[in-house]
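The structure under discussion appears below in the form of structure tokens.
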Amino acid sequence: MTSTVLAGVDGSPQSTAAAHWAAAEAVRRGASLRLVHAWPWLTDGVSSYAEPDALPEAVRRTLAEAAEDIRGLYPDLTVENDAVLDAPVDGLLAAAAEAELLVLGSRGRGGFTGLLLGSVSMSVAGRSTVPLVVVRETGTPGEGAAEVVVGVDAHTPEAEVLDFAFREAALRGARLRAVHGWDLPPVFGYAGGVVPAAELGQLEALEAKLLSLALAGPREQHPEVEVIEDVQLGAARALVEASAGAALVVVGRGRRPIEFGPRLGRIAHAVLHHAEAPVAVVPHG
């Protein structure tokens with residue numbers, strides 16, 4: 001069975017950029033592309049999808065134009081489009097359950113101009129059970145970008161996140177930059193934050209060793225991928241800086257609910273808001 005890459009479309013420039021990114025990704029994966037528009041006002045409480053004739057003209061035009069545009073660029077790609085009869089977040093989450101990957105724009109038509117990430121993309125990123133890629137209208141590198149960047153917690157590495165990042169690098173023929181951001185132990189904060197150079201060097205060497213150990217298994221499985229091990233103080237800052245010119249930045253998000261439901265951690269939250277490249281959020285655990 002052919003896998004599917006799903007992209008949410010609403011006619012906004014950000015969703016158009018997301019659909020084009022999703023199309024290129026589907027071609028790389030040998031997958032089909034499905035374009036989905038979530039439209040809650042047509043539901044009869046029974047159906048999940050709308051018949052084409054029942055859709056408002058604006059919705060039909062949005063889906064048709066997006067599909068036609070992509071077929072013109074990728075004539076061999078199988079492109080389908082659907083309107084989901086549900087609110088945007090719930091509709092996209094339900095549709096994505098049947099897909100290999102979900103791709104969204106950073107903001108939709110209803111977003112406030114000053115926001116870097118819209119409420120729909122943020123909510124879906126915190127709840128999606130499949131990897132989600134968030135794409136901006138601008139600042140998205142071309143196909144020739146040389147690096148995929150992945151955030152690695154070397155103390156508790158997550159196999160799903162590393163597997164996704166290595167695969168994306170392999171699909172692009174790109175090198176993989178594995179960024180492990182670490183923080184000073186609290187004891188140094190109590191001491192006024194001054195760390196002797198010798199101790200700082202020892203701590204950094206230990207973190208570097210942990211990163212090498214975390215990457216050993218995936219590197220063996222993907223010998224074709226060149227890997228750069230990057231150990232820095234401060235994970236979010238390091239990932240945002242590494243995003244400049246990258247093809248993709250990959251971060252993890254725990255599947256386990258926290259308090260009132262799944263949500264993004266601080267690092268994923270910061271990277272989604274500030275990274276210059278598309279960001280993949282991979283659920284794990």
Roughly how far, to the nearest 0.5 Å, is [atom2] of [Y] from [atom1] of [X]?
{"X": "E276", "Y": "S243", "atom1": "CD", "atom2": "OG", "value": "5.0 Å"}
{"X": "Q232", "Y": "R237", "atom1": "CD", "atom2": "CZ", "value": "5.5 Å"}
{"X": "R177", "Y": "I228", "atom1": "CZ", "atom2": "CD1", "value": "4.0 Å"}
{"X": "L272", "Y": "M122", "atom1": "CG", "atom2": "CE", "value": "6.0 Å"}
{"X": "D163", "Y": "E168", "atom1": "CG", "atom2": "CD", "value": "12.0 Å"}
{"X": "I70", "Y": "L35", "atom1": "CD1", "atom2": "CG", "value": "5.0 Å"}

State, to 0.1 Å, how close [X] and [Y] come at their nearest heavy-atom pair, and which atoms those are.
{"X": "G105", "Y": "A18", "value": "N-CB, 3.4 Å"}
{"X": "Q14", "Y": "S106", "value": "CG-OG, 3.6 Å"}
{"X": "V133", "Y": "P278", "value": "CG1-CB, 4.0 Å"}
{"X": "G11", "Y": "T62", "value": "N-CG2, 3.5 Å"}
{"X": "A7", "Y": "A19", "value": "CB-CA, 4.0 Å"}
{"X": "A95", "Y": "V84", "value": "CB-CG2, 4.3 Å"}

When clusters are formed by joining ILVMFWY residues with side-chain heavy atoms under 4.5 Å apart, either directly or through shared neighbours, do [X] and [Y] land in the same one?
{"X": "V227", "Y": "V282", "value": "yes"}
{"X": "V79", "Y": "L73", "value": "yes"}
{"X": "V279", "Y": "V89", "value": "yes"}
{"X": "V130", "Y": "L104", "value": "yes"}
{"X": "L77", "Y": "V135", "value": "yes"}

Check: [Y] and [X] side chains under 4.5 Å, non-hydrogen atoms:
{"X": "F164", "Y": "V148", "result": "no"}
{"X": "E98", "Y": "T4", "result": "no"}
{"X": "V134", "Y": "V281", "result": "no"}
{"X": "W182", "Y": "L211", "result": "no"}
{"X": "D90", "Y": "R127", "result": "yes"}
{"X": "L93", "Y": "S128", "result": "yes"}
{"X": "L63", "Y": "V9", "result": "yes"}
{"X": "V149", "Y": "L239", "result": "yes"}

- Is the CD atom of E224 crowded by more than 12 outside heavy atoms at less than 6.0 Å? yes
- Query: In this structure, are over 12 heavy atoms from other groups packed under 6.0 Å from E68 atom CD?
  - Reply: no
- Pair R28 + E25: basic N to acidic O under 4.0 Å: yes
- Item | Pairing of E147 and R172 as salt bridge, 4.0 angstrom limit | no
- Item | L6 and its side-chain contact (heavy atoms from CB on, under 4.5 Å) partner, picked from L132, L102, D82 | L102
- Please list, chain by chain and in numerical order, all residues satisfying side-chain hydrogen bond (donor to acceptor under 3.5 Å, both in side chains) with H180, sequence neighbours excluded. E207
- Can you list the residues that meet the side-chain hydrogen bond (donor to acceptor under 3.5 Å, both in side chains) rule with N81, with sequence neighbours excluded? none
- Query: For H222, what residues pass the ring pair (Phe, Tyr, Trp, His ring centres under 6.0 Å) criterion, not counting sequence neighbours?
  - Reply: F166
- Item | Check against side-chain contact (heavy atoms from CB on, under 4.5 Å), L215 and L162 | CA-CA 8 Å; L215 295 172; L162 290 174; 3.9 Å; yes
- Message: Would you say S32 and E80 are linked by a side-chain donor-acceptor pair, where the criterion is simply a distance under 3.5 Å?
- Response: no
